[in-house]
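Hydrogens, waters and symmetry mates play no part in the numbers below; they use all other heavy atoms, side chains included. Below, chains carry the letters A, B, ... as their sequence lines are ordered, and counting in each starts from 1.
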There are 2 protein chains.
Amino acid sequence: MNRDDALRLDNQTCFALYACSREITKLYRPFLDELGITYTQYVALLALWEQDDVTVKQLGARLYLDSGTLTPLLKKMEAAGLVERVRDPSDERNVRIRLTGGGQKLKERAYEVPGKAFCRAGVPAEESEELRDRLAAFLRRIHQTTMEE
Amino acid sequence: MNRDDALRLDNQTCFALYACSREITKLYRPFLDELGITYTQYVALLALWEQDDVTVKQLGARLYLDSGTLTPLLKKMEAAGLVERVRDPSDERNVRIRLTGGGQKLKERAYEVPGKAFCRAGVPAEESEELRDRLAAFLRRIHQTTMEE
DNA sequence: TAAAATTAAATTGTGTACAATCGAATATTA
DNA sequence: TAATATTCGATTGTACACAATTTAATTTTA
């Protein structure tokens with residue numbers, strides 16, 4: 001591969017990721033619209049449905065987001081009645097995020113979202129799963145790097 | 001896979017993409033900082049280095065971005081002396097984007113960016129390339145869907 | 001234990017993304 | 001060809017992302 005080929009857009013894994021991620025979000029949007037949530041709110045809920053009552057820090061570690069993104073996001077979700085934000089009495093630096101009844105209930109309607117989205121695009125589950133596992137391995141390595149240095 | 005497993009964050013290909021894309025951008029940032037450009041400006045330049053003198057529409061088709069994102073982006077790049085934006089006299093609806101001398105020259109310094117980034121993370125070229133090709137296939141299918149409907 | 005260091009969340013400022021709308025230019029059609 | 005439809009880029013408004021800074025609370029250390 002020569003110098004110019006190395007800079008071709010279609011040879012960039014970073015661009016494939018960037019484009020793919022945004023297109024997938026567009027694929028999900030109509031189904032998330034029905035639930036009245038954005039994509040970022042959706043992944044925050046996925047994390048909370050798995051483990052409720054976590055600090056902003058913990059949620060950020062799970063989603064690779066910091067308080068600069070999460071604080072306004074969680075305030076909107078609180079205003080929408082999905083979560084509550086409570087200062088931890090035992091350590092006032094922490095804010096704990098807890099699902100409300102409405103936030104828990106929304107999970108029922110979310111079960112069908114991933115299936116609908118991938119069905120819409122006609123992506124076979126196998127292909128998607130294999131891609132997912134490769135990305136997970138990739139992510140671990142990248143994240144380790146950006147954390148260490 | 002039961003219902004709850006289907007909603008686990010680590011089982012979502014969409015989340016793996018979303019997280020991976022943002023972490024990759026962080027990996028590139030220090031090298032792009034040296035060039036004085038953002039990640040989105042970088043991919044716009046990659047496209048223009050490959051094919052110069054294109055309309056905003058054409059550039060958007062290549063990057064999966066619309067004028068809502070591109071117009072302010074290109075104005076900043078124009079202000080930075082990287083491109084010029086000229087109304088096409090033969091069809092005044094179009095705005096053609098052309099690299100300036102400075103924009104062309106920056107390519108010289110960009111050649112080493114991808115290598116540095118992946119070296120930094122210790123990702124083997126093979127693994128990256130295979131991932132890239134899988135993503136490209138995935139992207140084609142998804143994009144076709146979001147366009148058709 | 002009082003001062004210094006660390007931690008967590010919030011805030012500030014910049015830069016995308018993207019849906020929806022707008023206004024001008026061009027193409028289509030009745 | 002005049003009216004209609006389409007296309008393109010710009011604009012508007014909302015919602016992230018994220019670096020950098022700030023503020024308050026807690027730990028660590030001299």
L63(A) vs L9(B), test: side chain to side chain contact (heavy atoms under 4.5 Å, CB included). Steps then yes/no.
CA-CA 9 Å; L63(A) 302 177; L9(B) 202 55; 3.7 Å; yes
Residues E50(A), K107(A): salt bridge by 4.0 Å N-O rule
no
Heavy-atom count around Q51(B) CD within 6.0 Å, excluding the residue itself: above 12?
no
Assess whether side chain to side chain contact (heavy atoms under 4.5 Å, CB included) is satisfied between L35(B) and F31(B), documenting all intermediate values.
CA-CA 7 Å; L35(B) 306 193; F31(B) 307 114; over 6 Å; no
At the 4.0 Å heavy-atom cut-off to chain A, mark where contacts on DNA chain C begin and end, going 5' to 3'.
dT7(C) to dA19(C)
Apply side chain to side chain contact (heavy atoms under 4.5 Å, CB included) to Y42(A) and V113(A), showing your working.
CA-CA 10 Å; Y42(A) 172 66; V113(A) 168; 3.9 Å; yes
Listed in order of residue number, which residues of residues 88-98 of chain A have a non-hydrogen atom at under 4.0 Å from DNA chain C?
R93(A), N94(A), V95(A)
Mind grabbing the angle between the end helix axes of the helix from dT1(C)-dA30(D) to dA30(C)-dT1(D)? Five pairs an end, 10° rounding.
10°
Across the strands shown, which category fits L70(A) at heavy-atom distances under 4.0 angstrom: base, sugar-phosphate, nothing?
nothing
Between Q12(B) (side chain) and A6(B) (backbone), is there a donor-acceptor pair under 3.5 Å?
yes
Answer yes if V83(A) and V86(A) sit in the same cluster of Ile, Leu, Val, Met, Phe, Trp and Tyr residues linked by side chain heavy atoms under 4.5 Å apart, and no otherwise.
no
Who are the salt bridge (Lys or Arg N to Asp or Glu O under 4.0 Å) partners of K26(B), not counting sequence neighbours?
E23(B)
Closer than 3.5 angstrom, by distance alone: can the side chain of R132(B) be matched with the main-chain N or O of N11(A) as a donor-acceptor pair?
yes
Has D133(A) got a side-chain atom pairing as donor or acceptor with A136(A)'s backbone, closer than 3.5 angstrom?
no
Going through the distances and angles, do L65(B) and T40(B) end up as a side chain to side chain contact (heavy atoms under 4.5 Å, CB included)?
CA-CA 10 Å; L65(B) 292 171; T40(B) 312; 4.1 Å; yes
Between W49(B) (side chain only) and G103(B) (backbone N and O only), is there a donor and an acceptor less than 3.5 Å apart?
yes
Measure from NZ or CZ of R141(A) to the centre of the six-membered ring of F138(A) and say whether it is under 6.0 Å with the direction within 45° of the ring axis.
no
Looking at R85(A), I want to see if its CZ is surrounded by more than 12 non-hydrogen atoms of other residues, nucleotides or ligands under 6.0 Å.
yes
Only one of D53(B), D91(B), T55(B) passes side chain to side chain donor-acceptor pair (under 3.5 Å) with R96(B); say which it is.
D53(B)
Contact nearer the 5' end of DNA chain C, comparing K75(A) with R22(A)
K75(A)
Nucleotide interval of DNA chain D bounded by contacts with chain A (heavy-atom cut-off, under 4.0 Å)
dA15(D) to dT26(D)
Positions of residues 33-68 of chain A (non-hydrogen atom under 4.0 Å from DNA chain C), listed by number:
T55(A), V56(A), K57(A), S67(A), G68(A)
